[in-house]
Amino acid sequence: ATTSAACSFVGALVPLGLGVLLPGAPWLSIGSTIGLLAVLGLLLARAVHGSPMLWAGGLVLGGLAVSLVGIQLDLVG
C-alpha cells in the first residue's frame, strides 16, 4: 500500500508541479502526464508478463483521449 501511495503521489506531483512552475505551458503538463502513463504501462507489462508496447500504447491512447476531452471542455489553459 505504501508503494502504491508513493507512486500515485509522484504521478500527480510531476504534472501539477510543472503546471505551477510553468503556467504558460499547459502542454508540458499534458506531455509529462502522457509520458508517465507510458512508463506505468511498461512497468505494468513487466509485472503481468504482458506486451510492453501494448500496455504503454494503450495507456498513452487513453491519456490522449482524456486530454482531448479536457481540451474540448476547456479544462486546460
Minimum-distance pair of heavy atoms, taken over all atoms of [X] and [Y]:
X   : Y   : value
A45 : P52 : CB-CA, 3.4 Å
P26 : P23 : CD-O, 4.2 Å
G11 : L36 : O-CD1, 3.9 Å

To the nearest 0.5 Å, tell me how far [X] [atom1] sits from [Y] [atom2].
X   : Y   : atom1 : atom2 : value
I71 : W27 : CD1   : CH2   : 3.0 Å
L13 : S8  : CG    : OG    : 12.0 Å
S29 : L18 : OG    : CG    : 5.5 Å

[X] with [Y], same ILVMFWY side-chain cluster at under 4.5 Å:
X   : Y   : value
V69 : L75 : yes
V60 : V66 : no
V10 : L28 : yes
M53 : L43 : no

query: Counting distance only, does the side-chain N/O of T33 pair as donor-acceptor with the main-chain N or O of P15 below 3.5 Å?
result: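 Absent.
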Steps toward side chain to side chain contact (heavy atoms under 4.5 Å, CB included) verdict (S67, I34): CA-CA 9 Å; S67 296; I34 292 172; 4.1 Å; yes
- request: Check the pair W55 / V48 against side chain to side chain contact (heavy atoms under 4.5 Å, CB included), numbers first and verdict last.
  value: CA-CA 10 Å; W55 275 91; V48 299; 3.8 Å; yes
message: Can you confirm whether L59 sits close enough to L44 that some side-chain heavy atom of one is under 4.5 Å from a side-chain heavy atom of the other?
response: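 The answer is yes; the side chains approach within 4.5 Å.
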